[in-house]
Protein chains: 2
Amino acid sequence: MSPRRSAAEALGTRAAILDRSVGIASLEGLEGLTIGRLATELGMSKSGVLGHFGSKEALQLAVLDRAGQIFRTEVWEPALPAAPGLARLRVLCEAWISYLERGVFPGGCFFVAAAHEFDGRPGPVRDAVAARFDAWRARLDKEAGRAVDAGDLPEGTEPGQLVFELLGLVMALNHALQLHRDNRAATYARRGVRARLGSAC
Amino acid sequence: MSPRRSAAEALGTRAAILDRSVGIASLEGLEGLTIGRLATELGMSKSGVLGHFGSKEALQLAVLDRAGQIFRTEVWEPALPAAPGLARLRVLCEAWISYLERGVFPGGCFFVAAAHEFDGRPGPVRDAVAARFDAWRARLDKEAGRAVDAGDLPEGTEPGQLVFELLGLVMALNHALQLHRDNRAATYARRGVRARLGSAC
DNA sequence: CCTACCGATCGGTAGG
DNA sequence: CCTACCGATCGGTAGG
């Protein structure tokens with residue numbers, strides 16, 4: 001039967017589709033996410049799934065948004081109570097590493113995976129991924145700049161260089177965890193961060 | 001017509017299939033590489049393509065081998081004339097960065113892309129990718145160990161930590177080039193390497 | 001939200 | 001190396 005649902009029910013269904021999509025796409029990629037599989041797993045028809053988004057591309061963009069909310073909750077928000085500048089940058093890096101260690105997304109960092117999947121495919125999905133990285137790097141740059149201005153980092157530290165290196169440490173950690181399930185990697189990543197940002201105590 | 005070819009011709013055909021496959025897979029991934037597309041681009045039938053490998057998975061493994069040959073030529077062999085230890089490690093890092101800058105593979109580092117595509121999909125392809133990374137890291141570890149033993153690196157340098165950080169710098173460079181076409185990234189990567197390995201002059 | 005359907009494409013096989 | 005074909009699945013649409 002499944003008659004037309006109320007607006008509230010429809011929102012719940014949409015949220016359920018997105019949550020399931022995030023899990024699938026994390027492991028299989030945003031292209032590996034198919035309407036048919038989603039429908040089967042959710043006990044819906046394909047057109048029922050597609051009706052919430054209109055097209056697969058629109059679904060992929062909505063999934064990116066949902067993943068972005070999760071990232072914000074897990075990595076950005078924990079750092080807000082910390083003082084802007086070096087203190088916040090340290091909390092941010094620890095939350096970032098912890099987010100990978102805890103496997104918030106089963107396939108590792110959702111955005112690193114999406115970046116690799118779409119960097120060779122022009123279009124709205126690629127643009128959305130790039131925009132999210134730009135915004136994230138801008139935030140890190142800002143905190144790094146504040147830390148430099150406050151004299152909390154070694155003289156001559158360039159925010160762009162520092163953020164590039166921090167991103168590299170996190171990407172190497174993501175890679176080691178996902179491909180090798182290498183436990184030493186988190187230690188390496190934390191030591192790398194400490195070498196650049198110093199220790200809090 | 002296209003009657004059965006000689007063994008030499010068949011080898012040439014196989015090589016042509018692999019070269020085309022490397023280009024496609026670099027941009028679209030090893031799953032995005034399809035027999036049908038390959039056949040069309042090469043002016044062959046699907047079964048003609050598949051006959052050389054037997055299955056798509058066997059083709060993917062052969063493509064990984066071919067990409068490995070290219071990587072060896074572009075990154076490993078240039079470093080062989082250098083003295084083992086620090087000198088070779090420096091040449092290796094420069095060749096590695098240059099390989100990304102020159103776009104030896106149109107979609108960036110073939111193995112980083114393959115690692116992200118398959119790290120969530122158990123099977124022979126994933127295993128082959130992981131084995132290649134293991135071998136590569138073992139080589140870098142060995143050179144780093146020699147450099148430490150020779151006293152050419154700061155006291156207390158741990159090879160595993162050093163190699164982890166070098167891998168991070170290269171991954172951040174690959175990401176910046178592919179997603180952002182960011183020219184400053186190569187400068188950041190080289191500065192990062194120099195901060196860890198010192199300058200040759 | 002459903003059923004029923006579309007054309008296209010997938011990996012792969014039979015037989016030559 | 002080919003033609004001809006298989007069942008399965010893809011994204012998406014029509015109509016309700």
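Note that the coordinates shown come from a computational prediction; the quantities given were computed from them, not determined experimentally. Within every chain, numbering begins at 1; the chains are lettered A, B, ... in the order of the sequence lines, protein sequences first and strands thereafter.
Following rounding to the nearest Å, A:Glu31 (CD) and D:dT9 (P) show an atom-to-atom distance of 18 Å. Residue B:Leu38 contributes atom CG, which lies 16 Å from atom P of C:dT9 at whole-angstrom precision. Rounding to whole angstrom units, CG of residue A:Leu33 and P of D:dC10 are separated by 10 Å. Distance CZ (B:Arg14) to C1' (D:dC1): 16 Å, rounded to an integer number of Å.
Remark: B:Arg126 engages no residue in a side chain to side chain donor-acceptor pair (under 3.5 Å) (not counting sequence neighbours). Scanning for side chain to side chain donor-acceptor pair (under 3.5 Å) contacts around A:Glu158 gives B:Tyr188, B:Arg191, with sequence neighbours left out. Checked against side chain to side chain donor-acceptor pair (under 3.5 Å), B:Ser98 has the following partners two or more places apart in sequence or in another chain: B:Arg102.
A salt bridge links B:Arg20 and B:Glu41; the closest N-O separation between the charged side-chain nitrogens and carboxylate oxygens is under 4.0 Å.
Between C:dC1 and A:Ser45, no contact under 4.0 Å exists linking OP1 or OP2 to a side-chain N or O.
Among A:Leu177, A:Leu179, A:Leu27, A:Asn174, the one residue that satisfies the side-chain contact (heavy atoms from CB on, under 4.5 Å) test with B:Asp119 is A:Leu179.
Taking the six-membered ring wherever Trp is involved, the centroid distance between the rings of A:Trp76 and A:Trp96 does not fall below 6.0 Å.
In this structure, A:Arg121 places its CZ atom where more than 12 heavy-atom neighbours from other residues, nucleotides or ligands lie under 6.0 Å away.
Listed by first and then second residue, the ring pair (Phe, Tyr, Trp, His ring centres under 6.0 Å) pairs involving residues 19-47 of chain B amount to none (not counting sequence neighbours).
No contact: B:Leu42 has no heavy atom under 4.0 Å from any strand.
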Dot-bracket notation for DNA chain C is requested: 5' to 3', Watson-Crick or G-U wobble pairs only, both distances under 3.5 Å, with ( ), [ ], | and . as defined.
-> ||||||||||||||||
Protein-nucleotides 12-15 of chain C N/O pairs under 3.5 Å:
residue, atom, partner, partner atom, Å
C:dG12, OP2, B:Lys56, N, 2.6
C:dG12, O6, B:Lys46, NZ, 3.3

